[in-house]
Amino acid sequence: MPTVQEAVVVPAAPAATRRRAVLAVAGWCVLVAGCFLVGHSLRARGLMPIDELPPLHARLRDEAFSWQLLPAVAGAVAAIVVLPRFASTMRWRRLLLTCWLAATAWAVLLAVSDGPFWLLEPLTHDSEYLVVAEAVGSDPIGWLRGFADDVASYPTHVAGHPPLPVLVFWLPHALGLPTLPAAAAICIGLGSSGVAAVLVTARLLLDEDRARVAAPYLVLAPSALTVATSADAMFLGVAAWGIALFALASVRHSVALGLGAGVLLGALPFLSYGLLTLGAVAVAVLLLRPSRPAVVGAVAGAALVFAAFTGAGFWWPDGALATHERWASGRGSDRPYWYVVVANFAVFALITGPAAGYALTVARGRRLWLLVGSALLALAVLDVSGVTRLEVERIWLPFVPWVLLATSEIRSAPRVWLIAQVAVAVLVQATVDLVW
């Protein structure tokens, strides 16, 4: 029986595999480059005034390829050298911790290439949550009760989301902790821990070999660009651990574990309205590992979250409607639908990287496609609905690791694909200033 290492490293790829790889990368490049070219044309005609570099909500840097990127490049090179071997030989629990730490380091090194304060700077903008979090005061229930009515008066990110992100960032402030560093630690720590959670899920629902093959790609994904530091990284972590706990509950037929999973999964729609569709991945878990006790616990846990918010005075449909009205009156809704319905996936391709594009062409097996396909289905629903019009480099971050599980099918030249992943992340970081 072949070892994991033998499954990962193959001396030479067959000609057919090489052709498929070339075609996959070419398609990835055409999608990404084509949407940038069309976006440039639309902006020149005045149809995309909100974005300087569509489809990214970003602008070109005045000075590209700063020497400050060298630590990130050096760290990535070291990871490319050691991660494939570590992933195949390291003890499982140690591998989970290593991947978590490596994912944290990769995200942090990319961010601090703009200077150490950049880990905190994205959270200091007037459009962010912390201004409101610090103003909640000593009556969070009273603030929550009036949230839907006051949406129109809130900054962009607060108005575009349910109230739970503000309450998460309010908690360290209420405890007397320095709010800004605590908020950054929550985002980066939870966001990077999502790698470990997805690996746990993959081991339970697929097999350990597949999880180990996918591990380096999950760590070095270009999506690390938006982990340090955005609240969407926190959403990623909560979602990933909720699904991992549900998978564990399903395998062990545990009501208690299901209850914990339900609380985390039930919190998702109160973190971001669009995360309701991520329930498709939970359904995939249920199809792969049917378990009545796990479902009973999960439904009870989610119901507790909804009951708690409703009892505190926040009715979710009212919040969703108020946010939609605010969004419809804003500039983001003016982005042409016919363009963003394609460009959203171009940006998603960029943050998942060419390795994911190739992996989707070679992925095989019902179990793998239930997980990967459920995430893609959830994204397609958001995309076609028209409520997510670009800025998906962070908004779709919680969906990224589930699609990256397709890389568990990459059986040859792993370091070549990891180099491609890192090259995309470094190129974007070196040339583009993401604006959130």
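Below, each value reflects all heavy atoms present in this structure, side chains not excepted, and no hydrogens, waters or symmetry copies. It should be emphasised that the depicted structure is a prediction, and the values quoted were computed from it without experimental measurement.
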Identify the heavy atoms of [X] and [Y] that sit nearest to each other, and give their distance.
X: Pro401; Y: Leu236; result: CD-CD1, 4.2 Å
X: Val195; Y: Ala103; result: CG2-CB, 3.8 Å
X: Leu265; Y: Ala282; result: CD1-CB, 4.2 Å
X: Val32; Y: Leu350; result: CG1-CD1, 4.0 Å
X: Phe246; Y: Ala261; result: N-CB, 3.4 Å
X: Ala231; Y: Tyr129; result: CB-CE1, 3.5 Å

Fill in: Set of residues satisfying side chain to side chain donor-acceptor pair (under 3.5 Å) with respect to Asp383, sequence neighbours excluded
Asn344
To the nearest 0.5 Å, what is the distance between [atom1] on [X] and [atom2] on [Y]?
X: Leu206; Y: Leu371; atom1: CG; atom2: CG; value: 5.5 Å
X: Leu220; Y: Leu418; atom1: CG; atom2: CG; value: 5.5 Å
X: Leu377; Y: Leu278; atom1: CG; atom2: CG; value: 11.5 Å
X: Tyr273; Y: Leu268; atom1: OH; atom2: CG; value: 14.0 Å
X: Thr229; Y: Ile188; atom1: OG1; atom2: CD1; value: 3.5 Å
X: Arg85; Y: Thr89; atom1: CZ; atom2: OG1; value: 5.5 Å

Practice prompt. Please say which of Val347, Val340, Val342 ends up in a side chain to side chain contact (heavy atoms under 4.5 Å, CB included) with Pro55.
Written response: Val347
Practice prompt. Using side chain to side chain contact (heavy atoms under 4.5 Å, CB included) as the criterion, point out the one residue from Leu376, Val392, Leu382 that pairs with Phe399.
Written response: Leu382
Could you tell me whether [X] and [Y] have their ring centroids closer than 6.0 angstrom?
X: His173; Y: Trp170; value: no
X: Tyr217; Y: Trp417; value: no
X: Phe147; Y: Tyr154; value: yes

Say whether, by atom type as modelled, one donor and one acceptor occur between the side chain of [X] and the main chain of [Y] under 3.5 angstrom.
X: Arg212; Y: Met90; answer: yes
X: Arg326; Y: Val151; answer: yes
X: Asp232; Y: Phe235; answer: no
X: Arg335; Y: Arg389; answer: yes
X: Arg210; Y: Ala202; answer: no
X: Trp369; Y: Ala363; answer: yes
X: Gln429; Y: Leu110; answer: yes
X: Thr323; Y: Ala159; answer: yes
X: Glu409; Y: Leu360; answer: no
X: Thr226; Y: Glu393; answer: yes

Would you say that [X] contacts [Y] through its side chain, given a criterion of any heavy-atom pair below 4.5 Å between the two side chains?
X: Asp334; Y: Ile50; result: no
X: Leu205; Y: Val285; result: yes
X: Arg145; Y: Phe314; result: no
X: Trp118; Y: Pro122; result: yes
X: Trp28; Y: Val424; result: yes
X: Ser223; Y: Thr352; result: no
X: Val132; Y: Pro155; result: yes

Worksheet item: What's the verdict on side-chain contact (heavy atoms from CB on, under 4.5 Å) for Trp402 and Thr201, showing C-alpha distance, side-chain angles and the deciding distance?
Response: CA-CA 10 Å; Trp402 304 105; Thr201 306; 3.8 Å; yes
Does [atom1] belonging to [X] count more than 12 external heavy atoms closer than 6.0 Å?
X: Arg367; atom1: CZ; result: yes
X: Trp315; atom1: CH2; result: no
X: Asp139; atom1: CG; result: yes

Pairing donors with acceptors under 3.5 angstrom, does anything connect the side chains of [X] and [Y]?
X: His157; Y: Glu128; result: yes
X: Ser193; Y: Trp241; result: yes
X: Ser192; Y: Thr104; result: yes

Discussion item. Let's go through Trp396 and Phe345 carefully: what are the C-alpha distance in whole Å and the side-chain angles of both, what is the deciding distance for ring pair (Phe, Tyr, Trp, His ring centres under 6.0 Å) to 0.1 Å, and is it a yes or a no?
Written reply: CA-CA 10 Å; Trp396 284 5; Phe345 276 102; 5.3 Å; yes
Worksheet item: Run the side-chain contact (heavy atoms from CB on, under 4.5 Å) check on Val131 and His125 step by step: do they pass?
Response: CA-CA 9 Å; Val131 175; His125 298 171; over 6 Å; no
Practice prompt. Over 60° means perpendicular and under 30° means parallel, so classify the ring planes of Phe270 and Phe306, tilted if in between.
Written response: perpendicular
Discussion item. Arg292 vs Val296, test: side-chain contact (heavy atoms from CB on, under 4.5 Å). Steps then yes/no.
Written reply: CA-CA 6 Å; Arg292 184 174 296 177; Val296 169; 4.2 Å; yes
Item to complete: Just do the side-chain contact (heavy atoms from CB on, under 4.5 Å) check on Ser408 and Leu368 with the steps written out, would you?
Response: CA-CA 9 Å; Ser408 64; Leu368 177 61; 3.8 Å; yes
